[in-house]
Amino acid sequence: MTLWIPIAIAAASFQTVRFMLQKVLSSVTLSTAGATFSRFVYSAPLIWAGLLGYLAVSGQKIPALSATFWMFATIGGTAQILATVCVVALFRQRNFAVGITFKKTEVIQTALVGLVVLGDQITPLGWVAIVIGLCAVLVLSKTPQSKGPWWRHLSSPASLLGLGSGVLFAFSAVSYRAASLELDALAPAFRAGVTLAIVVSLQTLFMLVWLKWREPGEIARVWAARRVAIWVGLTSMAGSFCWFWAFTLQNAAYVKALGQIELLLSLLASVLFFKEQITRREIVGMGLLILSILALLLAI
């Protein structure tokens, strides 16, 4: 079944637009946590409206949710919050395209997490893809202004934020797939909608409590930024639904690998919208990462 392919491409497209909007919010009006919260708080009502509308038309009901479902939904939702915080913070360290490229180490890490959590096997070609991907990270870990050997830059804020977001996004992807598979009696799109509604509700609650505790004034600023933030919510809803739908149809590693088309979209966004310069080193690094993704596609 190849329906997951256009769905994953659509997810990557929506995600690119969302990160562009979050970059604007984080650099102009909101804190890192506030820009992250805007994604969830403005998408949750839209997701529930869509799900409740579907239930009203179809006559179906939300099924009973198992303890395993809640466990994976909570793990995935928490990991995604932390990963999104890392990415928004990363945009303040490096430019847009390279920030997305660092984040995209999640593809390789999803394969590793899938091996540990779900028992997914990695072929020899898969390990080759992982090594190529690590080489890409080493190239990207050195900024144009930095001096000295590459290994001294692996602990830079940009490197740590990028790699950290990749690990966390990998855990969220595998957890979401595991949660949706707990609803295997439902149609794939319905499974995706229920899982997404629950996860985003948990994320909104978690972030609301955090901001009320640590940054109480930020909630008001998120509301003040609603003219832009509501579009973050809309694109987040569309992209997340497509990701969740694709996860119900195909292995998370396949889905995330195909989602690397976001690299090309983010490069266009970096040059056309943010007027940022891409260095030769960064182009080489992105090329290596794309090569590792192609090898991973052949291996899984």
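Using a distance-only test at 3.5 Å, with no hydrogens or angles considered, a donor-acceptor pair links the side chain of Ser180 to the main chain of Arg177. Side-chain N or O atoms of Thr248 include one that pairs as donor or acceptor with a backbone N or O of Trp245 at under 3.5 Å. The main-chain N or O of Val167 is found under 3.5 Å from a side-chain atom of Gln109 such that the two form a donor-acceptor pair. A donor-acceptor pair under 3.5 Å is absent between the side-chain atoms of Ser175 and the main chain of Ser172, judged by distance alone. In terms of modelled atom types and a separation under 3.5 Å, the side chain of Gln203 and the main chain of Phe40 share no donor-acceptor contact. In this structure a side-chain-to-backbone donor-acceptor pair under 3.5 Å is missing from Thr195 to Ala192.
The side-chain hydrogen bond (donor to acceptor under 3.5 Å, both in side chains) check on Trp48 picks up Ser201, with sequence neighbours excluded. Considering only residues two or more places apart in sequence or on other chains, Ala49 meets the side-chain contact (heavy atoms from CB on, under 4.5 Å) condition with none of them.
For Phe206 and Trp210, the gap between ring centers reaches or exceeds 6.0 Å. Centroid-to-centroid, the aromatic rings of Phe72 and Tyr176 stay 6.0 Å apart or farther.
Classified by interplanar angle (parallel below 30°, tilted 30° to 60°, perpendicular above 60°), the ring pair Phe190/Tyr54 is tilted. The aromatic rings of Phe247 and Phe244 lie tilted to each other, with the angle between the two planes from 30° to 60°.
Counting only heavy atoms from C-beta outward, the side chains of Tyr42 and Arg226 approach each other to under 4.5 Å.
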